[in-house]
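One structure is given here, and the rest of the page talks about it.
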Amino acid sequence: MIKIRCSALGKIMTSPREKGEVLSKTAKSYVEELFLEREYGIKKQFSSRYTDKGIQMERHGIALANTVLDWGLSEEYILEGGQEDFENDFITGHTDICTSTLLADIKCPFDGTTFPFFADEIPNNDYVYQLQGYMWLTGHDRAELVYCLVNTPEQIVEDEIRREHWNHKEIDYNEQIAAEVYARHTFDHLPIERRIKRFVVERNEAIIDKIKEKVLLCRDYYETLKNK
């Protein structure tokens, strides 16, 4: 039986647009990808400069959040990582931070324009489902989604500068273009508390029940693909 990753729950929870359908096109596409991976060994690869930054700077984000939010995590925990894998009969999850008292997921936005400085609610509802999944797996009743505005790695910034030169059809190095790119990707000049945005999500059994229902529907669709 297939299990859905918490990070992908937003895909299967989208509502179908066509009357009478129980799964959206997005949900079906995700199940089809799972089918190709499990049955034929064809795995879709996805990486980008956005995910590259998130992976490279995750520990830096946790350290920043730990300082601002006073989590009390040890330096060893931050450096070596406290990530854990969980699963139940329906879903799997890989948490960023999971202790007896804290469940948190870290997001490192690509640049300053994608950081939710003024948002009152989680900008991407997919993360709500992701956190509900983590709470279901770990038994926590509360989870935190924390956006961390950390500097972009130098190599990625240099790639962005070259990209902007190309977009502006500039052959020679343009200091103004470089300065604008650096301004979008470096944040040491900002007050540290402005570089953290925390959203707290409470466990919702009704949402968890809906997740269960969608996973079962995804399994049914998976079986139809096997029988075609």
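Start at 1 with the first residue, then count along the sequence.
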Please list all pairs passing the salt bridge (charged side-chain N to carboxylate O under 4.0 Å, His left out) test where one or both residues lie in residues 124-147, with sequence neighbours left out.
Arg142-Glu144, Glu144-Arg198

Please determine if Arg163 and Glu160 form a salt bridge, counting it only when a charged side-chain N lies under 4.0 Å from a carboxylate O.
yes

Residues in side chain to side chain contact (heavy atoms under 4.5 Å, CB included) with Arg184, at least two apart?
Asp111, Thr113, Glu164, Glu180, Val181

Do any N or O atoms from the side chain of Lys197 and from the backbone of Ala119 form a donor-acceptor pair under 3.5 angstrom?
yes

Decide, yes or no, whether a salt bridge links Lys44 with Glu37 under the criterion of side-chain N to carboxylate O below 4.0 Å.
no

When you compare the side chain of Glu21 with that of Lys28, does any pair of heavy atoms fall below 4.5 Å?
yes

Validation row, ring centre Tyr40 to ring centre Phe35 under 6.0 Å:
yes

Is there a chain of hydrophobic side chains (I, L, V, M, F, W, Y, each step under 4.5 Å between heavy atoms) that links Ile106 to Tyr127?
no

How close do Ile62 and Trp71 get, heavy atom to heavy atom, and via which atoms?
O-CZ3, 4.5 Å

Below 30° counts as parallel, above 60° as perpendicular, anything between as tilted: where do the rings of Tyr173 and His165 land?
parallel

Fellow cluster residues of Tyr50, listed by chain then number, with links counted only when side-chain atoms sit under 4.5 Å apart:
Phe110, Ile156

Within-4.5 Å side-chain heavy-atom neighbours: Leu23 and Cys218:
yes

